[in-house]
Amino acid sequence: MKKIQMVDLKGQYEEIKQEVTASIQEVLETTAFINGPKVHQFQKNLEQYLGVKHVIPCANGTDALQIAMMGLGLKPGDEVITADFTFAATVEVIALLQLTPVLVDVNEDDFNISIEAIKKAITPKTKAIVPVHLFGQCANMEAIMELASAHNLYVIEDNAQAIGANYAYKNGEKVKAGTIGHVGATSFFPSKNLGCYGDGGAIFTNDDALAHIIRGIVNHGMYERYHHDVVGVNSRLDSIQAAVLDAKLPHLDAYNKARQEAARKYTKAFEGIDKISTPKLSNNCKTICENCDCHVFHQYTLRVKGTDRDALVKHLNEKGIPCGVYYPIPLHLQKAYADSRYAETDFVVTNQLVKDVISLPMHTELDDEQIEFITSTIINFING
Ligand SMILES: *Cc1c(COP(=O)(O)O)cnc(C)c1O
């Protein structure tokens, strides 16, 4: 059996080596390392893939979130609601811009931001909601957009984990994750579903005026050379990373299918095991997606009940099976983001999830023998 990896970047690279090398070679030959034609080409191809009017590439996913908030003109003291159960980058940029983060609880079934919790957290100072499409599946965007329109709030989608996922509306219409809110932000960190070979990110919007503002912000607030109209940042996707991404984009749907296939096999193997709860599909997926393309399984995350999760992690590691705990500490308990306004009763679900969750190896190169070994090792441990 091949050595099991949490993410197999090498195996994936071997399959597309020629395309990637040729694409990088073009950049080397033209020496257009910054804002070269490859960046523009990738931007256009991604716009077409997502069905969104504007993609603005930038240096990483954290910058993408920050720049989106800057573009919307959010001001110090504005309250921004986001999930307690996510990667810290989401709340970090809110705090960095001196906005006020308001962390709220998530749903037990899909790990995404709770609509009821958002409703309770809205105040006259609330200016934006940042749903995170955690582990590869969209938050309930239909409900979030309704709330936003009723309260005049911006919606910034953190799409770092769900590129290529579809969101299914009640009426059956489907759109790509990250293109529903006023603005979307994504990351091309190597282990993301569409990853480059370094850092990268992008911002999406259908709003022409906002796209124009953001294009200036990523480039030192310049709209005309050496005229700095607003305070900006230096955040660029470099041409070599764009070359890698442009070579990989045509494979994204196949990569996501491979993840879904691995997820389907995991779930089947765990059927009937009471102490394991497998990932649930949400948002109309069950009813209208045949071969569900709504969840792109950035992570395949189980909840274990009546089992010592940390002992399971240790056991798997001893057997040569890597696994991850995303995330072990709720953001509201992190020193940087603690706030006396929070009560533990506000985070009942998150506080439980951090004890229960375990993410299994998930990438495009998992084979049946590996999946069999991983699932049987877990089941044997749980059955003691
Ligand atoms: C990866 C990630 C980010 C940050 O992306 P970087 O490119 O690493 O800056 C933001 N939010 C979430 C949910 C992520 O998973």
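Whatever order the structure lists ligands and atoms in, that order sets their numbers, starting from 1.
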Check whether any N or O atom of Gly61, backbone or side chain, sits under 3.5 Å from an N or O atom of ligand 1, and answer yes or no. yes
Pick one of side chain, backbone, both or neither for how Thr86 approaches ligand 1, counting any non-hydrogen atom pair under 4.0 Å. side chain
Is there a nitrogen or oxygen of Tyr327 sitting under 3.5 Å from a nitrogen or oxygen of ligand 1? no
Name the one of Leu72, Ile129, Thr100, Leu74 that satisfies side-chain contact (heavy atoms from CB on, under 4.5 Å) with Val80? Leu74
If we number the atoms of ligand 1 from 1 as shown, the ones under 4.0 Å from a heavy atom of Asn60 are 7 (O), 9 (O)
When you measure from the side chain of Arg341 to the backbone N and O of Val102, does any donor-acceptor pair fall under 3.5 Å? no
Which residues pass the ring-ring contact (aromatic ring centres under 6.0 Å, His included) test with Phe188, sequence neighbours left out? Phe42
Below 3.5 angstrom, do we get any N/O pair linking Gln161 and ligand 1? yes
May I ask you to test the Phe85-Val357 pair for a side-chain heavy-atom distance under 4.5 Å? yes
shortest atom 4 (C) of ligand 1-to-protein heavy-atom contact is with Thr62 OG1, 3.5 Å
Among all residues two or more places apart in sequence or in another chain, which pass the side chain to side chain donor-acceptor pair (under 3.5 Å) test with Ser23? Lys38
Numbered atoms and elements of ligand 1 in range of Val132, under 4.0 angstrom, heavy atoms: 13 (C)
Sub-4.0 Å atoms of ligand 1 with respect to non-hydrogen atoms of Ala89: 4 (C), 10 (C)
Is there side-chain contact between Leu194 and Leu245, with heavy atoms separated by less than 4.5 Å? yes
For atom 3 (C) of ligand 1, closest protein heavy-atom neighbour: Lys192 NZ, 3.7 Å
Nearest-contact summary for atom 13 (C) of ligand 1 - protein heavy atom, Å: Asp158 OD2, 3.4 Å
Parallel under 30°, tilted from 30 to 60°, perpendicular over 60°: which one fits the rings of Phe135 and Phe111? perpendicular
